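Everything below concerns the one structure shown next.
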Amino acid sequence: MEKNLPVELDREILIQLAPEQLVEIIVEQASATIKLNSRILELEQEIGKLKASRDLDSKTSSKPPSGDILKKSEKKPELSDGESQAPKRKPGGQPGHPGKTRKGFGRVARWEILRPECCCCCGTGFFKDKIKIETQQVSCCTFK
């Protein structure tokens with residue numbers, strides 16, 4: 001609209017305007033209406049595209065499953081006749097199940113005491129105090 005036209009189009013003001021000014025207002029409003037209608041159509045098309053892409057997931061498109069958004073339903077799924085109300089079993093040993101353990105070795109064949117002759121860091125010889133005691137079991141298979 002032109003700058004010299006009134007901002008508020010009151011009935012009293014419009015009656016006082018000249019016919020040329022009224023025609024100018026109508027033409028400008030028609031062009032503004034056409035621009036707004038085209039913008040509305042663009043936005044409706046964009047909304048349609050967004051709605052279509054919202055419903056796409058790995059089952060209905062070529063998207064990988066990692067790109068799926070987890071959708072939780074508002075209602076809890078109803079259990080069918082085959083499914084019981086009992087909770088699922090927890091992982092690990094179940095109550096009442098007999099366990100199995102390794103029996104270990106029957107006898108010790110030999111003992112070895114290993115002592116370092118010198119320190120690997122500073123090179124000093126013979127240690128008087130014990131630094132660390134470590135036990136290791138080794139299985140040796142002998143076929144007869």
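All values derive from a computational prediction rather than experimental measurement.
- Rounding to the nearest 0.5 angstrom, the gap separating the CD atom in Gln29 from the OG1 atom in Thr33 is 7.0 Å.
- Interatomic distance, Glu24 CD to Glu20 CD, rounded to the nearest 0.5 Å: 10.5 Å.
- Within a 6.0 Å sphere centred on CD of Glu46, other residues, nucleotides and ligands contribute 12 heavy atoms or fewer.
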